[in-house]
Amino acid sequence: MRYLVLTDIHANLEALDTCLSHAAEQRFDQTLVLGDLVGYGPNPNEVIERIGALSPVAMIRGNHDKVACGLEQPEGFNAVARRAALWTLEMLTAANRTWLAALPKGPVIVDDMIQICHGSPIDEDAYLFDELDAVRALKMSQRPLCLFGHTHYPVTFALVEGRVDTIGGPNSLDGPLMLLDGSKYLLNPGAVGQPRDGDARAGYAIADTTARRVDLFRLDYPIEATQAKIVKAGLPEVLAQRLAVGR
Ligand code: ZN
């Protein structure tokens, strides 16, 4: 099975469409979405409709999704994130708000090999930044490959022969990650719609459970088009600026 893995799209339609065209050439069987479809970006309804059309086999909510559909208040959000979340709440159609509110909480088990979560397999809102965070999460994950998002930072933590190691990061996407038998992995493919690792390109992954490999991709997309929409929508301009630098 080849899974298209998308996370942290954040209502960025240009980045999503670029990933979807590229992924169609790579071929995939099913789609997994790890949350934060909306928030920050200018096209929440269009992104929800694109994702809905893919009929993902597994999908979970992110922290921005919860606020944008009114399930939670933007309490832990900074001023910019809060403004964007409340703008999204106002912009979403009633049908899309209901659709978003129905997204399940992670973690969700996909098959024998894969589990998905937004933040961590222990807590949907927790951030996995380093090996210290990863140790417990690796032990708690219920499948060899746990896919996560939330940090907008592509990275893989591996538990191989009892040792935790960090693989990948912004400069080491040269080859696929091969999944060794008996090892466990936590993998973040990086954000589709708002990268924060200093690389402005959209990120996504294809996980192949038969070949036991994950391929990570970074793609240029028409950032200026998204930026213009953000400004026109009256969203905070810093959200447009950060897309160009990937921070
Ligand atoms: Zn996010």
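Each ligand, and each atom within it, is numbered from 1 in the order the structure gives.
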Taking just the N, O or S atoms of Asp8, which one is nearest to the Zn ion (ligand 1)?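 In Asp8, the heteroatom (N, O or S) nearest the Zn ion (ligand 1) is OD1.
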Checking side-chain contact (heavy atoms from CB on, under 4.5 Å) between Pro44 and each of Leu13, Val38, Ile9, which is the one that passes?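 Per the side-chain contact (heavy atoms from CB on, under 4.5 Å) rule, the option paired with Pro44 is Val38, out of Leu13, Val38, Ile9.
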Just by distance, do the side chain of Arg218 and the backbone of Asp199 share a donor-acceptor pair under 3.5 Å?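 Between the backbone of Asp199 and the side chain of Arg218 there is a qualifying donor-acceptor contact (under 3.5 Å).
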Where the Zn ion (ligand 1) is the centre, what is the NE2-to-OD2 angle for His10 and Asp36, rounded to 10°?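 The angle at the Zn ion (ligand 1) comes to 90°, rounded to the nearest 10°.
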Regarding His152, does it place an N, O or S atom less than 2.8 Å from the Zn ion (ligand 1)?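 Within the cut-off used here (under 2.8 Å), His152 does place an N, O or S atom near the Zn ion (ligand 1).
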Where does the angle between the aromatic ring planes of Tyr40 and His10 fall among parallel (under 30°), tilted (30 to 60°) and perpendicular (over 60°)?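 Tyr40 vs His10 ring planes: tilted.
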Phe77 and His64 aromatic ring geometry - parallel, tilted or perpendicular at 30°/60° bounds: tilted
